[in-house]
Amino acid sequence: MAHHTAAQTAHHHSHEEEHESLKTMGFWMFLITDVILFSVLFATFIVLRGNFNGGPGPHELFQMPGVIAETFILLTSSFTCGLALLSLNAGKVKGVIGWLAVTGILGIAFLTLEITEFVHMVHEGATISTSAFLTAFYTLVGTHGLHVTIGIVWMTGLLIQLKRNGLNAKTKRKVNNLSLYWHFLDIIWIFVFSFVYLMGVM
Amino acid sequence: MWENIKTFASEFFVTGDPLIYGADVSIALTLVAIVFALTYFKKWQWLWKEWITTVDHKKIGIMYILCSILMLFRGGVDALLMRTQLAMPDMQFLNAEHYNAIFTTHGVIMILFMAMPFMFGLFNIMVPLQIGARDVAFPFLNSLSFWLFFWGAMLFNMSFVIGGSPDAGWLAYPPLSGIDHSPGVGQNFYIWGIQISGIGSLMTGINFVVTILKMRTPGMKLMRMPMFTWSALSSCLTIMLAFPILTVTLAMLFIDRFAGGHFFTLDGGGNPMMYINLIWMWGHPEVYIVVLPAFGVFSEIFATFSKKKLFGYTSMVLAMMSIAIFSFFTWAHHFFTMGSGANVNAFFAVTTMLIAIPTGVKIFNWLFTMYKGKITFETPMLWAISFIPCFVIGGMTGVMLSVAPADFQFHNSYFLIAHFHQVLIGGVVFGFFAGLYYWWPKMFGFRLNERIGKWAFWFWNIGFYVCFMPQYGLGLMGMTRRVNEYDWSQGWDMGWMPLNIVSTVGAFLMGIGFIFQVWQIAYSIKNHKRDVNGDPWNGRTLEWSLPSPAPVYNFATLPKIQEVDSWWEEKERIKAGKPTPQAPLEPIHMPDNSAIPFIQSLFWFIAGFGFVFNWMFFAIPGLIGVAVTMIVRSFQKDEGYYIPVDEIKKTEASTRGAG
Amino acid sequence: MANVNANHHDSHDHHGESHGSVKSYVIGFILSIVLTIIPLVVVLQGWMTGNAAIAVIMITAVLQFLIQMLFFMHLKEEKKPRYNLLALLLALVIVVTVVAGSIWIMMYNTVAH
């Protein structure tokens, strides 16, 4: 380690920070591609939404109380995720861990409700192969759910890393990106809620 | 038990055709030869350490180009098989089924597994060198992109001998590609091969956008970037915005096939035309994705070999970026005959015609660049010059096709085939060849033999016109694409035979051109003169300021840029005795190699293979492997290492001192 | 060593990432809840139907999107050059193209219907 001079360490730090900011930008670009991905699913859903093939439509299938609960849970989780970011900026690792854990639990609650809804629908005989409407519905809503699931796995891994390593350039960047991801999922859900559910039962 | 195994094997392996058995044998022999050579020369460790786990953009670029040339060979053989069948349609050289499979794989391989990796190879090798960066923004991701492409391509190519090739056309329109009409595994190979490599392409797009926007050397403003870097930026932005559409569309096709969905089925309320609509929303930008970098290559070459500044830098940038954006508004011209009504067709006809304007601007810019220049005709310049008439004819026939009412006549005829081969070969292939010849010395430190290169050039060019000009005529005579017989012994003579024979002769001339190229490379490896000053063409952009091949860290000190064509201006200053002073050397931080990209992509391959055959005992462990490797990566420290100043000094002395 | 680290922290405060405050998050949260309740009530209570209801749903959804972007994702605070904002705007153009274009092409499809 003799050759590791102070100057080199400083160099290393600035390099690391620069690199973390690159990664945040890269993550933003990934979110951009995800926006396009969802737009295709929405376009397909809108084109196929009237094709019930004699099967059940939104009026028979959607149970709004559950959907409304999902919506408010996800909105709240977006808020708590923001609070985690505030703790991050204040340098309070415990606050970050706490709020992220709350966010994750809300995410799990959201998923549980969504899975319950899907199971209920399948029991009613409305499966992915019933009609084009349902294929598009399950794919769109399911892709969002898959994103939430991935977010929760990511959050779990990040909590472990925060516990172990505390706040450093790397974990900070990850919390930052995770919060971007989570807010993004909230936005997608708002559009699912509006275009799929509200317009469905209208 | 034995019977079961026999039935399984007869379904698992493609059987019944001497061509396939021949391929089986040659694949097996090649694999044995590779394994033997690696073992005999004790190169396994070298392969693993220097290539498979590398995150060096220059090496990744070389691997991309190597793969794409192999794919060019396979796609080219497909083409020659088709042309042989069409020259003698009565001989039953390829039956209808086989012919379907071959035109499908020809299209997919040429666009997705030849053009795309060739382009990524050139990006990888040159973009960081042109903008004065030491690597791309995300070297790990870069390696992952490559291996995803590699294993995706392997999965796709495997279908030839295992399970059966896809045979529903290169864009796999449903309902033909649906489970009812293509019950075999071929379409699954199509979906997963493209899906896996497509994820890699998407990541490359993101990687290079961030690299170009964020990692330019001090002083290199956006409007000082070399034109090839601009073309990479426009192409990668288009990738970012277009490839997610492909991902979703293929995923939906997969849901239809795998889970009984009804997106694109004829029953259940599905709408196959939605697939056509979506796939072209990706498909049209895709052709611009591959052609824009070719425009970038030509811009570099015209300026270098005319010894002049590129004419109209700003208009070139604007044209390139507007083509990238405009490419998203023309997709419906691929299905004018679908019946979307006059308003839709009129709108997309006009947008298609509009896109010819920025393209025309570029053509004039290149011509004015050459005007009064001191032009020299080395091979890169030959390819670049031959591109112009070829692309102009291809573009003009494109404008003819864009006239919606006329398109009802041209649609799916050989006129269309001739048009898109003319823009894709004349634009993309010529462009990437030109780029390969131009940058070959930078990649390997020696020039390719000019004499053999000229033979290759003329065979390709004459072959091209002999092959495709007759096809315009065939199209107007009514010959449609995707037919393997037109003239059979029943006696109805359409009069298509003579032109088809001419066309086939042209195809084989191009094949000979390819053989010349392989010979050229082999010959030059054996008998080359080492290029010592790193600037064999008297270049204008930063990559020529480096020794050839560039050292692992690229730039010992980051250059400071004051203008466009900064290396050319710097050479003027050096001549005048006033070189820009260079900063003192500092230790350089480099990323560590990693085996995870290779392993993770292999898991993707396993998962994809499982989904192809509906074998969950493959697919699920594959997906778990993907997840585990991702998590392992997240927990890794990944700090990289430093190259100390002494070592940089040593490297610089040994690479530059010789000159 | 300690010195270097201190410097490093100093410099970090100058160009730290998105900040925001409790206040802005609370405002954003309340607004997003209000904007969820409006279309919900409009639709479920049957206050409006047809195009009027669709307009309300779409406007509130877009406003929600803006609120998440500004209050939660701190898009406003991006330093120049605003590549992230530009990329987002470009993506939104493509999103509108994909959705509106698909609807237009598929709805006027005389063969399918």
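Proteins come first, then strands; the chains are lettered A, B, ... in the order of their sequence lines, and each starts at number 1.
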Problem - A:Y138 ring center near A:F118 ring center (under 6.0 Å) - result: yes
Practice task
Please look at C:V96 and chain A and tell me whether the side chain, the backbone, both or neither of the residue comes under 4.5 angstrom of a heavy atom of that chain.
Solution key: neither
Exercise for the section: Please flag which part of A:T33 lies under 4.5 Å from any non-hydrogen atom of chain C: side chain, backbone, both or neither. Expected result: neither
Completion exercise
Bottom line for A:F72: the part with an atom under 4.5 Å from chain C's heavy atoms is side chain
Problem - Contacting region of A:L88 [heavy-atom separation from chain C under 4.5 Å] - result: neither
Exercise for the section: Run through A:F110, A:F191, A:F193 and flag the one making a ring-ring contact (aromatic ring centres under 6.0 Å, His included) with A:H144. Expected result: A:F110
Problem - Positive for side-chain contact (heavy atoms from CB on, under 4.5 Å) with A:L85, one of A:T80, A:L178, A:V96, A:N176 - result: A:N176
Practice task
Measure up the A:F133 and A:F52 rings against each other and bin them: parallel (under 30°), tilted (30 to 60°), perpendicular (over 60°).
Solution key: perpendicular
Problem - Within the 6.0 Å centroid threshold, strictly below: A:W28 and C:Y83 - result: no
Completion exercise
chain A shares the most heavy-atom pairs under 4.5 Å, among C:I54, C:I94, C:I37, with C:I54
Fill in the blank from the handout: Scored by heavy-atom pairs under 4.5 Å with chain A, the best of C:G101, C:S102, C:A61 is C:A61
Fill in the blank from the handout: Which of A:L113, A:L111, A:T116, A:V192 passes side-chain contact (heavy atoms from CB on, under 4.5 Å) with A:E70? Answer is A:L113
Handout entry: Best-contacting candidate, C:T36, C:I103, C:L88, against chain A by heavy atom pairs under 4.5 angstrom
Key = C:T36
What side-chain donor-acceptor pairs closer than 3.5 Å can you find for residues 39-51 of chain C, not counting sequence neighbours?
none

Practice task
Below 4.5 Å from any heavy atom of chain C, which atoms of A:F79 appear? Answer side chain, backbone, both or neither.
Solution key: both
Problem - Proximity breakdown for A:S78 and chain C, heavy-atom pairs closer than 4.5 Å - result: both
Fill in the blank from the handout: Checked C:V95, C:V99, C:L92, C:N84 vs chain A; the most non-hydrogen pairs under 4.5 Å come from C:N84
Handout entry: Nearest heavy-atom neighbours spanning C:S32 and A:L75
Key = OG-CD2, 3.7 Å
Problem - Heavy-atom proximity to chain C below 4.5 Å, by part of A:S194 - result: both
